[in-house]
J.: 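First the structure, then my questions, so here it is.
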There are 2 protein chains.
Amino acid sequence: MADTTADTPVCDVEGTCYCPLTGVIDTLSRKYAMQLVSIIGAHDTLRFAEIEEHLPTASTSTISKRLDEFEDAGLISRTQYNEIPPRVEYALTEEGSEVRTRLEPLLEWATENR
Amino acid sequence: MADTTADTPVCDVEGTCYCPLTGVIDTLSRKYAMQLVSIIGAHDTLRFAEIEEHLPTASTSTISKRLDEFEDAGLISRTQYNEIPPRVEYALTEEGSEVRTRLEPLLEWATENR
DNA sequence: TCTTATACTTCGAAGTCCAAAGTTATGGAG
DNA sequence: CTCCATAACTTTGGACTTCGAAGTATAAGA
């Protein structure tokens, strides 16, 4: 009984309320997504196999999918070197770094309280 | 080629690295989970139907599942009043508040950058 | 020719999320 | 006494996601 229009989100409360929040949060709301941003951010660049070592419980295909999604979302860059055997390096973009910075307090707490 | 044992996580890098992080992060890595913590935290208490208004794109069953998971994780409390029609109120616990505090910077940024 | 190395992709099964309909309980209208 | 209304879920069957394991592509070096 607060808003007058039908499709306005009901966010008229004390404090900030993140109602139908989409975008980056959807990308981060998937398995291993937050850990992955943090792991890449802890290094300058990382190769696929190194990421797998850091996230041993995640399947190859899931890591691959997360990386694609992050690239689409502009959170990471993918640099491919045309050598044999192939070499690919992943790194956070500026946006990705910003996300990682804001993710750290949460992950830190979660690490201490598991 | 850094660690000598087989099952030690590869976390010997500069800075903090959150390798096979489990627990609360898994609970938060599900659809609408982070938004839900934030929404409940923006109020003293919330009823089920109010939560649904704040998260119109989430299905009833998903909200119900998230609330169960949060209760199991100790992030929210569920208070049931034996009236007809029934009344149930949800609120963040102290742990939930801590999580919300650490979630805010991320959600704030995500709101500005969607 | 065969092996090696890296970075994936493909596969079928298992688990998660969806919208819509159903469940429980009882107070009040007719 | 029967029917409807209300709140908070639960159930259902189908679509989407994640899983581990196996397969693909490339070319240098034995």
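So you know, we letter chains A, B, ... as the sequences are listed, proteins then strands, and number each from 1.
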J.: Distance check needed: D/dA7 P versus B/Glu53 CD, whole Å only.
T.: 10 Å

J.: Which one, C/dT9, D/dC9, C/dC17, comes nearest to the side chain of B/Thr60?
T.: D/dC9

J.: Given that B/Ser61 and B/Glu50 both sit by DNA chain D, which one's nearest nucleotide is further toward the 5' end?
T.: B/Glu50

J.: Check the distance between C/dA19's C1' and B/Lys65's NZ and give it to me in whole angstrom.
T.: 13 Å

J.: Do NZ/NE/NH1/NH2 and the carboxylate oxygens of B/Glu89 and B/Arg87 come within less than 4.0 Å?
T.: yes

J.: Nearest whole angstrom, please: distance from the C1' of C/dG15 to the CG of B/Asp26.
T.: 14 Å

J.: Rounding to an integer number of Å, can you tell me how far A/Glu83 CD sits from D/dA25 C1'?
T.: 16 Å

J.: Nearest to the side chain of A/Ala49 - C/dC8, C/dA7, C/dC17?
T.: C/dA7

J.: All N/O contacts under 3.5 Å from nucleotides 26-30 of chain D to the protein, with atom names and distances to one decimal?
T.:
none

J.: Of the candidate nucleotides D/dC9, C/dC17, C/dA7, which contains the atom at the shortest distance from the side chain of B/Arg66?
T.: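 From the listed options, C/dC17 comes nearest.
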
J.: CZ/A/Arg30 to OG/B/Ser29 distance, rounded to the nearest 0.5 angstrom?
T.: 11.5 Å

J.: Below 4.0 angstrom, which residues in residues 70-80 of chain A have at least one non-hydrogen atom near DNA chain D?
T.: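 None, since no heavy atom is under 4.0 Å.
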
J.: Check the distance between D/dC9's P and B/Arg87's CZ and give it to me in whole angstrom.
T.: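 Taking atom P of D/dC9 as the reference, CZ of B/Arg87 is at 13 Å.
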
J.: Round to a whole Å and report the spacing from CG of A/Asp68 to P of C/dA7.
T.: 15 Å

J.: Could you walk me through whether B/Lys65 and B/Glu69 pass the salt bridge (charged side-chain N to carboxylate O under 4.0 Å, His left out) test, one step at a time?
T.: CA-CA 6 Å; B/Lys65 216 174 290 177; B/Glu69 290 157 3; over 6 Å; no

J.: Do the side chain of B/Arg66 and the main chain of B/Ala33 share a donor and acceptor less than 3.5 angstrom apart?
T.: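 No; zero donor-acceptor contacts below 3.5 Å.
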
J.: Can you measure B/Ile63 atom CD1 to D/dT10 atom P for me and round it to whole angstrom units?
T.: 13 Å

J.: In this structure, how many angstroms lie between the C1' atom of D/dT6 and the OH atom of B/Tyr81, rounded?
T.: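 That distance rounds to 18 Å.
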
J.: Please tell me if B/Ser64 has a side-chain N or O lying less than 4.0 Å from either OP1 or OP2 of D/dT10.
T.: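 Yes, because at least one side-chain N or O of B/Ser64 sits under 4.0 Å from OP1 or OP2 of D/dT10.
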
J.: Should A/Arg47 be listed as having a side-chain N or O under 4.0 Å from OP1 or OP2 of C/dA7?
T.: yes

J.: State whether a side-chain donor-acceptor pair under 3.5 Å links B/Tyr32 with B/Thr57.
T.: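 Indeed, the side chains of B/Tyr32 and B/Thr57 share at least one donor-acceptor pair under 3.5 Å.
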
J.: Is it true that the side chains of B/Glu52 and B/Thr60 contain a donor and an acceptor less than 3.5 Å apart?
T.: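 Distance-only check passes for B/Glu52 and B/Thr60.
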
J.: Check this one for me: any side-chain N or O of A/Arg30 less than 4.0 Å away from OP1 or OP2 of D/dT18?
T.: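 So the side chain of A/Arg30 is within the cut-off, an N or O lying under 4.0 Å from OP1 or OP2 of D/dT18.
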
J.: Using the side-chain contact (heavy atoms from CB on, under 4.5 Å) criterion, which residues pair with B/Glu95? Sequence neighbours excluded.
T.: A/Trp109, A/Asn113, B/Leu75, B/Thr93

J.: Which of these, B/Ile39, B/Ile51, B/Thr45, B/Leu36, sits in a side chain to side chain contact (heavy atoms under 4.5 Å, CB included) with B/Tyr90?
T.: B/Ile51

J.: Can you label the angle between the B/His43 ring and the B/His54 ring as parallel, tilted or perpendicular, going by 30° and 60°?
T.: perpendicular

J.: Mind checking if A/Tyr90 touches a base, just sugar-phosphate, or nothing, with heavy atoms under 4.0 Å?
T.: sugar-phosphate

J.: Is any side-chain heavy atom of A/Gln35 closer than 4.5 Å to one of B/Asp26?
T.: yes

